[in-house]
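For reference, the structure is listed below as structure tokens.
Nothing fancy with the numbering, it's 1 onward along the sequence. Note that ligands are numbered from 1 as they come in the structure, with each ligand's atoms numbered from 1 the same way.
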Amino acid sequence: MGDEDWEAEIIKPHISSYVPVFEKDRYSSGANGDTFNRTPASSSDPGFSNNKFEEGDSSGFWRESSNDCEDNQTRNRGFSKRGGYQDGNDSEASGSSRRGGRGSFRGCRGGFGRGSPNSDYEQDEGTQRSGGIFGSRRSALSGAGNGDTFQSRSGSRSGRGGYKGLNEEVITGSGKNSWKSEAEGGESGDTQGPKVTYIPPPPPEDEDSIFAHYQTGINFDKYDTILVEVSGHDPPPAILTFEEANLCQTLNNNIAKAGYTKLTPVQKYSIPIIQGGRDLMACAQTGSGKTAAFLLPILAHMMRDGITASRFKELQEPECIIVAPTRELINQIYLEARKFSFGTCVRAVVTYGGTQLGHSIRQIVQGCNILCATPGRLMDIIGKEKIGLRQVKYLVLDEADRMLDMGFGPEMKKLISCPGMPSKEQRQTLMFSATFPEEIQRLAGEFLKANYLFVAVGQVGGACRDVQQTILQVGQYSKREKLVEILRNIGDERTMVFVETKKKADFIATFLCQEKISTTSIHGDREQREREQALGDFRCGKCPVLVATSVAARGLDIENVQHVINFDLPSTIDEYVHRIGRTGRCGNTGRAISFFDLESDSQLAQPLVKVLSDAQQDVPAWLEEIAFSTYGPGFSGNARGNVFASVDTRKNYHGKSSLNTAGFSSSQAPNPVDDESWD
Ligand SMILES: Nc1ncnc2c1ncn2[C@@H]1O[C@H](COP(=O)(O)OP(=O)(O)OP(=O)(O)O)[C@@H](O)[C@H]1O
């Protein structure tokens, strides 16, 4: 199984894909006024000669969102046949199972082809390296003759052509080694697929880069007013300051260099719990510092207990394993671990799918105290006997609800029953997320000691109040126009646009480029190298718009993301909470605008009303009406279609539960409901 359910796909060899260039003024309204005749703009470019977007062929695109998704089986998706955009109706998932299994097929890799059939591979690297993903605003539309324009990514992983990147080995599909099974060293999850050769560039080593951080926002101090509930037997008292955590000098120095002066609520409660050796399930709003909440006490313990200094060994036995659902997120966690362990003898290593396994192994065998991994790759490395589990003292599941759901749950179960893995009584298991559905909490019991503590900062599963949420009623066929209008108003401020399918991510990104809005995209069909490039271009502002699928919904901490736009609403409210949490982080404010399509989103009306009202946002009357009409007069605004817990599910539990605010006793606590200035 792959390390991301979005990724667990069988890769088809060499199906080139192109996105034709099409001009705005060539769009003509169809019968409904919104459909486009997709005519290639540049017939002079030979590559576009077949790239007709005929209404007949492609009409499915705008109707396919509910039956195409990242997870589900999709055949011949994207821009197959070097042109004609295949409609999405060949996707089999139904709306109700949009987030179904992991066994989807990787159809052609929808991309932004140059249209020169013979130059795919040669051009691929050059253009990707030089021109950003979709090229600059200028070049994005220029079509032929500009190497920075549309990049031929589609066949880049093809087994036939072979290519060479800066950090990659040449692979050729015709050789017998080009298709490797998992056992042969292929990426986990690809039963048959090309050998993954991408070696990510090493992160910068200089201290300034390691400790680079963004400023906390004006609402950082308001974290103190959030209600915190700790449940479970005998929780230790919260700490109020970093000094109270009694960390060693090196850690304190690193904390200071990272710009942390004050603990966030989840840190105030989690640090002493973890230092006390307790298992923990912690739920706190997006962007409120959960990563440091587990890293700091783990590092403190490692420093206190003394760890085996990192040294070369064929079998490494890390003291701590951290797992997260996406590659970019685990890499981010690794960078945080590297930052906080700077100047200590603790060595953190990261490994994730989409990168060369041999490279990961080389990193690991040099010494590994903290292993940050995506699940599939972790199981691969364990299978290869490069990682032994006997010394594991800390097992961290970040985005724990995602790690335990149907996608990753089985792999996590395998992990805890691996030979050598200490039993839950012998290790400390820590789970963090902004959302914790009740059924997932119940599953988590298998991983945690019976006396684990549950920390809920604010409303479990609630949206960050620093994000101003707006829900607009926009029909499927008006979405693009609305998106462009909003993005033009936004200007150059960094914006993440979420769509439901990989195919649509490519399509919308291309469309925005044509509208001269500098855009890149990230989704599970892109090469890892491309994903990292896209994120880099977005982070540095080169492409201020990032079109993403849910692969980017969780955990990513990107400075200055001021806007999130849900072009398509997700199928669950938890997903919505995570997506909009990419903005409004660490006390900064942000805005989220969501397009609500009456045709497809009514099931979300009720939980949306609840999330909006819990976060003290305006709830549109029309949305309330839909919520009522969908769920009948019994609807109180409290129930959720996709239930998340408001409390620890062990509430029938007789242990102590203390309600508190971060840094205040209950009696001192301002009533957060009265605090109207959140937004
Ligand atoms: N005490 C602190 N002081 C200043 N900045 C902090 C503090 N704690 C965390 N941060 C910063 O806040 C940002 C968000 O932290 P982090 O990514 O850990 O949030 P999170 O709660 O894990 O979010 P998500 O739910 O989206 O995964 C990061 O840039 C981090 O460095």
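- The pair D398-K290 fails the salt-bridge criterion, with no side-chain N (NZ, NE, NH1 or NH2) lying under 4.0 Å from an Asp/Glu carboxylate O.
- Salt bridge absent: E411 and R377 never bring a charged side-chain N and a carboxylate O closer than 4.0 Å.
- Ion pairing between a basic and an acidic side chain is recognised when a charged N comes within 4.0 Å of a carboxylate O; E399 and R554 show such pairing.
- In this structure, ligand 1 sits under 4.0 Å from heavy atoms belonging to Y214, T216, F220, Y260, K262, T264, Q267, Q285, T286, G287, S288, G289, K290, T291, E336, E399, G555, D557, R582, R585, C586.
- Under the side-chain contact (heavy atoms from CB on, under 4.5 Å) criterion, R539 pairs with Q332, L535, I558, not counting sequence neighbours.
- In this structure, the salt bridge (charged side-chain N to carboxylate O under 4.0 Å, His left out) partners of E446, at least two apart in sequence or on a different chain, are K413.
- Every pair passing salt bridge (charged side-chain N to carboxylate O under 4.0 Å, His left out) that includes a residue from residues 245-263 is listed here, sequence neighbours excluded: E207-K257, D221-K262, D224-K262.
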